[in-house]
Amino acid sequence: MKFKITIYNLLPLTLFTSIVVVSAVVLYEVKKNPSNQNSINSQLIGKKVPKVKIQKINVLKEAIENKSLDFKKYTNEFFAVNFYASWCAPCRVESPVIENLSKVVPIVGIAYKDKIKDTKKFLGNYGNPYDQIGLDTLGKIAIEWGVYGVPETFIINANGKIIYRHAGPLLYNVFKSEVLPLVRGK
């Protein structure tokens, strides 16, 4: 019985080899620079905060207010924007670090695809580090900001430009090594 080598016989082996090579290169890059794991490129870095109306909420009254979030309030100072949700497990993990961040800069929280009563309960359980809270019920605001999922945190400089984005839970090592040097370098 003779085995005839054809392109169809080599295709699975070629495809498998290609996948292994690409995976090895990606893993090597992540291992070489682990701090880049949550550093997703953003079109907004270096640009002003997106001009989108964000409905402000009052969690104590469980009500939507008749005004929008006011980013102009932070003129000439650094601040952070944190997208989070009550149903988000990683948001619970990052809550102590967000609390620490709030001691350094004001933080605007944006409740992503959440209900006000659930947001109130979440903040009651994990603390409320936010200077203002907005509601993004449909996820359209997150799209304008280029958010992939919650949690995501943005650092905005004194000129109102986004200078940093962290996708995923903000953990203490990243807070200490990446975020603090940015905001203390004011």
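Note that the coordinates shown come from a computational prediction; the quantities given were computed from them, not determined experimentally.
- Note that CG of Leu60 is 12.0 Å distant from CD1 of Ile116, once rounded to the nearest 0.5 Å.
- Within a 6.0 Å sphere centred on NZ of Lys161, heavy atoms belonging to other residues, nucleotides or ligands number 12 at most.
- In this structure Leu171 satisfies the side chain to side chain contact (heavy atoms under 4.5 Å, CB included) test together with Val93, Pro169, Asn173, sequence neighbours excluded.
- Panel note: side chain Arg165, backbone Leu44; no donor-acceptor pair is recorded below 3.5 Å.
- Residue pairs satisfying the disulfide (SG to SG under 2.5 Å) criterion with at least one member in residues 74-160, sequence neighbours excluded, are listed as follows: Cys88-Cys91.
- Between Phe71 and Phe79, the ring planes are parallel. Angles under 30° get that label, and only those over 60° would be called perpendicular.
- Between Pro181 and Lys176 the shortest heavy-atom distance is CD-O, 3.4 Å.
- Grouping the Ile, Leu, Val, Met, Phe, Trp and Tyr side chains by contacts below 4.5 angstrom, directly or via other members, places Tyr84 apart from Ile143.
- Here the CG atom belonging to Leu123 is positioned 10.0 Å from the OG atom belonging to Ser95, to the nearest 0.5 angstrom.
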>> Could you walk me through whether Ile54 and Gln132 satisfy the side chain to side chain contact (heavy atoms under 4.5 Å, CB included) test, starting with their C-alpha distance in whole Å, then the side-chain angles of each, then the deciding distance to 0.1 Å, before giving a yes or no?
In response: CA-CA 11 Å; Ile54 305 170; Gln132 301 181 78; over 6 Å; no
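- With hydrogens and angles disregarded, a donor-acceptor distance shorter than 3.5 Å links the side chain of Asp136 to the backbone of Lys140.
- Between Lys48 and Asn159, the shortest heavy-atom distance links the atoms NZ-O, 2.5 Å.
- The closest side-chain heavy-atom distance from Trp145 to Val52 is below 4.5 Å.
- Of all heavy-atom pairs between Arg92 and Ser86, the closest is NH2-O, 2.9 Å.
- Between Tyr126 and Glu99 the shortest side-chain heavy-atom distance does not fall below 4.5 Å.
- Here Leu135 contributes atom CG and Ile141 contributes atom CD1; the two are 7.5 Å apart, rounded to the nearest 0.5 Å.
- Note: Thr153 OG1 to Ile107 CD1 = 7.5 Å, rounded to the nearest 0.5 Å.
- One side chain, Tyr130 or Asn82, offers a donor N or O that lies under 3.5 Å from an acceptor on the other.
- Nearest heavy atoms, Ile98 versus Pro129: CG2-CG, 3.5 Å.
- Taking the six-membered ring where tryptophan is involved, the planes of Phe175 and Tyr172 are tilted, since the angle between them lies from 30° to 60°.
- Taking both residues in full, the closest heavy atoms of Lys72 and Asp70 are given as N-OD1, 3.1 Å, listed atom of the first, atom of the second, then distance.
- Once rounded to the nearest 0.5 Å, the distance linking NZ of Lys53 with CD of Glu144 reads 14.5 Å.
- The minimum heavy-atom distance between Gly168 and Glu94, with the atom names listed, is O-OE1, 3.9 Å.
- Residue-environment remark: CG (Asn125) exceeds the threshold of 12 foreign heavy atoms within 6.0 Å.
- The environment of Lys56 atom NZ is dense: over 12 non-hydrogen atoms of other residues, nucleotides or ligands sit within 6.0 angstrom.
- Between Trp87 and Val150 the shortest side-chain heavy-atom distance falls below 4.5 Å.
- Put simply, CG on Leu182 and CZ on Phe78 are 7.0 Å apart, with the number rounded to the nearest 0.5 Å.
- Formation of a donor-acceptor pair under 3.5 Å by the Lys120 side chain with backbone atoms of Lys61 is not found in this model.
- Leu69 has its side chain within reach of Ile110: a pair of non-hydrogen atoms, C-beta onward, lies under 4.5 Å apart.
- Using a 4.5 Å heavy-atom threshold, the side chains of Phe154 and Val147 count as touching.
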